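These figures come from a predicted structure and were not determined experimentally.
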Amino acid sequence: MAKSDPRRITRTMPATQLVALLLAFVLAAGVGGVLAAGLVIPMVAGANAAADSTVAIYDEVPAELEPRPMSQQSRIYAANGKLLATFYAQNRIVVPLDEISEPMQHAVIAIEDERFYEHGGIDVQGMTRALANNVAGHATQGASTLTQQYVKNMLIDQALQDGDQFGVIKASEDSISRKLTEAKMAISLEKTMTKDEVLQGYLNAAQFGSRSIYGVEAAARYYFDKHASELSIVEAATIAGITKSPSRFDPTVNPKDAKERRDLVLQNMWKLGYISTEERDEAKDTPIKKSLDVNPTEIGCAAAADSAFFCDYVTKEIVTNPVFGETKAERQQLLYRGGLEIHTTLDPKKQKAAAKAVKNAVPAGDSSGLQSAIASVEPGTGKILAMAQNIPYTPSEGKEGTTRVNYAADPTHGASGGFQVGSNFKPFVLAEWLKEGHTLSERVNANEVTRVVGNFQTKPCVQWLGPETWQPGNSEGGGRGYISALQATYESVNTAYASMGYELNLCKLRSTAWDMGFRPTRSVHKDSNGGVVTSPEEKDIDIQAPMIIGTQESTPLYQAAAYATLASGGTYCSPVAITAITGPGGKEYDVPDAKCDKDALPSNVANTVVYAMEKVFTDGTARRLGGLADGRQVAGKTGTSQLSAQTWFTGFTPNLSTSVWVGNADKPMEDHTEGNVVNGQYYKVLYGSTIAAPAWKEYMDKAIQDVPVKSFGAPDQSMIGVTAPPPSSGGDDGGDTSDDDGGDNGGDKGNEPKGDKGNDRGGNGNGNGRADAAAAWDAVQNGDWESLGDAWGDN
């Protein structure tokens, strides 16, 4: 036999003590308070020993109840005020008494406590009857007033908020000690609260349904799709009848029992003069089902439908951010019980367009097994305007064809480890190229060249990368001669960018990428959890030769925010999803800000990089898109990782930056170079221009319809440089490329820089004449015609 819980309060009392306690409560409720009751008890009890025992029992009962804010539902809203999702441990919305209809107030008084306005917290008649019944050995009877029931509900709610399961049991048990506690606290409460305050508390605290429906406002919305202030007589009577047994009298569960109970409430309302005979009869004749207009309140982000992953991002921001509480448990309590009104940055129109675009690109459950995701932010503010993916949301893994992983977000906000960005990294390289004094017109070697990684400039952050060699390739073939940095950008030529990176200090490149907003989600420096980076720092950007062509992982949201630095003329803002949070009583919470850095990148550098990226749409890897439908200025960049496993397109106007990813999150190195059928269409090789770019355009054409037309800042002519004839040696000048991403593929990650060269289908360029050609070009740039003659003299 299990031992009884030693904390459970149990006591067997003789009838004389029960009577004495009853009188003590009567006196406390009506006249002289606890002290007077204690003085009278000995006279009533008739024996000193019995009196002492009774006083001790009375004194044991807690007297004070300090009402706390009740557990309430929290709600997340889009930027236009549209409700996205609701969270609750108890589905409750606290409202003042003047927002509860009179029929609702009258209904609960009529059925629960008809002498409510006459007693001082306990009903003497009912308590006497109940005690007599209990003394006689019959089943325990209650005699709870609305005040006592309010006390009970508050004790349960406070125990739940504290995580005190024993407290919940104790406050709910059917025992004399519990009744005594309620009675004494009710008496005390009515000495500090008015009747209207007690009634308001009860109407907000009581349970009114089997589906965790608490308080009349939540009940009104659920059963009748209206506010508590609008409840009619028949509706109020229906709700009031539920609380005696929330499961049995729930009209959506047991309509027959609910009608009988409702009609009893109506009869009592009539008896007390709250309604007329005609009103009573008309209400009784109303069928339960006819009166209902059920509007279920679904809990959690699943209710947000296509906005579910953005909603999930918002909840992660609250649960993981110390600004909302010291511990995760406290932050979860705040979300599910705090009654928060959470206002966000989400633009419903853009969100709808985003969800449609990624699903049109790769339908959920497509035979290709690919996933797609999109994130869109506002340059200069960091506001997340849209976030979607093709795979439906589920709050927990296990349901086939769904996921809880947010592919657009970082590990902390979405559990994704990110994806190799490929040539989506090149704008960071180009920015550093310009910062270090190079120009867009400067010609670089686009042939395949094998380089010792230890010869790359990496000091002071890394002393030496090692003796291994690295030879990146281009997806369309090998040698390409010398081309301008501008052409290398819009045609996305890996080999040319490798040459550019060889001229740069990779430590400075890391700093520039970080300042612009590149945030890695994995790093070779992390030795646990697969190298996942949850709180990225600049040092988490891996210093290695292949970084130049984007071998490190990031996310669509991070990339959209980083490209927004270019769109805004050099201001980086970290992504933000929440604009304001208020709690009960109008309490305002601090929310994370975007931490905008107006000096993230010099404006002349940013505008010149944008100038180069505009040509991606006219001359480069995205020329098939033809820009946006309305012809406004736009810039962007494709991206394709090793083996075309992950593909990207990130692009922007001055007021909207968007990144689209298409790949396989479950198989990050899946080969997409040997034939692919996606959404019923065959593609030999997947590139960023293949699926991601058209999805980006579909979204952007819709998203910018209500956005003012703005122009990018003018590029710095000195950074564009002087266009000169190409050298006469060193191979083919490149010319027009195929319709793919140019050199997005090639190279691999980690400490084996030579490795697989990705989609290289051609032979190696020999790179002859590089030194002479470079010297000649330097002479042209510097106007040193004598050196130019020397450089070409041997040819």
Requested in this report: Evaluate the side-chain contact (heavy atoms from CB on, under 4.5 Å) criterion for residues Thr653 and Val709: first the C-alpha distance (whole Å), next the side-chain angles of each, then the deciding distance (0.1 Å), finally the verdict.
Outcome: CA-CA 9 Å; Thr653 67; Val709 175; over 6 Å; no
- Could you walk me through whether Glu378 and Leu385 pass the side-chain contact (heavy atoms from CB on, under 4.5 Å) test, one step at a time? CA-CA 7 Å; Glu378 183 177 67; Leu385 303 180; 4.0 Å; yes
Between Asp706 and Lys350, is a salt bridge (charged side-chain N to carboxylate O under 4.0 Å, His left out) present by the stated rule, with each step listed?
CA-CA 10 Å; Asp706 57 351; Lys350 292 179 176 59; 3.5 Å; yes
Between Phe649 and Phe617, ring centroids under 6.0 Å: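 Judged by ring-centre distance (under 6.0 Å), Phe649 and Phe617 do meet the cut-off.
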Do Phe652 and Phe712 have ring centres separated by under 6.0 Å?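 Under 6.0 Å, so yes.
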Backbone N or O of [Y] within a donor-acceptor pair of the [X] side chain at under 3.5 Å?
{"X": "Asn406", "Y": "Phe309", "result": "yes"}
{"X": "Thr345", "Y": "Lys383", "result": "no"}
{"X": "Glu432", "Y": "Leu504", "result": "no"}
{"X": "Gln389", "Y": "Val405", "result": "yes"}
{"X": "Ser523", "Y": "Ile541", "result": "no"}
{"X": "Thr571", "Y": "Thr565", "result": "no"}

Check your understanding: Around Lys352, counting heavy atoms of other residues, nucleotides and ligands shown, do more than 12 lie under 6.0 Å from its NZ?
Key ->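 No, not enclosed.
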Task: Over 12 foreign heavy atoms within 6.0 Å of CG, Asp590 - done: no
Close side-chain approach of [X] and [Y], heavy atoms under 4.5 Å:
{"X": "Gln371", "Y": "Val362", "value": "no"}
{"X": "Leu656", "Y": "Met700", "value": "yes"}
{"X": "Ser641", "Y": "Phe419", "value": "no"}
{"X": "Tyr563", "Y": "Ser659", "value": "no"}
{"X": "Trp514", "Y": "Pro536", "value": "yes"}
{"X": "Val660", "Y": "Tyr699", "value": "no"}

So, is the end of the Lys615 side chain (NZ or CZ) under 6.0 Å from the ring centre of Tyr490 and within 45° of the ring's axis?
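So Lys615 doesn't make the cation-pi contact.
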- Query: Could you walk me through whether Lys316 and Asp312 pass the salt bridge (charged side-chain N to carboxylate O under 4.0 Å, His left out) check?
  - Reply: CA-CA 6 Å; Lys316 296 293 196 304; Asp312 186 69; 2.8 Å; yes
**OP:** Please report the C-alpha distance between Asp716 and Thr608 in whole Å, then the side-chain angles of each, then the deciding distance to 0.1 Å, and finally whether the side chain to side chain donor-acceptor pair (under 3.5 Å) criterion is met.
**Re:** CA-CA 6 Å; Asp716 187 329; Thr608 307; 5.6 Å; no
Ion pair present between Lys697 and Asp701, side-chain N to carboxylate O less than 4.0 angstrom? yes
Apply side chain to side chain donor-acceptor pair (under 3.5 Å) to the pair Tyr687 and Thr621, showing each step before the final yes or no. CA-CA 9 Å; Tyr687 302 103; Thr621 56; over 6 Å; no
To the nearest 0.5 Å, atom NE2 of His672 lies from atom CG of Leu643 at 9.5 Å
Rounded to the nearest 0.5 angstrom, the OG1-CG distance for Thr521 and Asp410 is 8.5 Å
Measure up the Trp433 and His438 rings against each other and bin them: parallel (under 30°), tilted (30 to 60°), perpendicular (over 60°).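 Taking His438 first and then Trp433, their aromatic rings lie parallel (interplane angle under 30°).
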* Asked: So Tyr407 and Thr555, side chain to side chain donor-acceptor pair (under 3.5 Å) or not? Walk me through it.
  -> CA-CA 7 Å; Tyr407 304 130; Thr555 70; over 6 Å; no
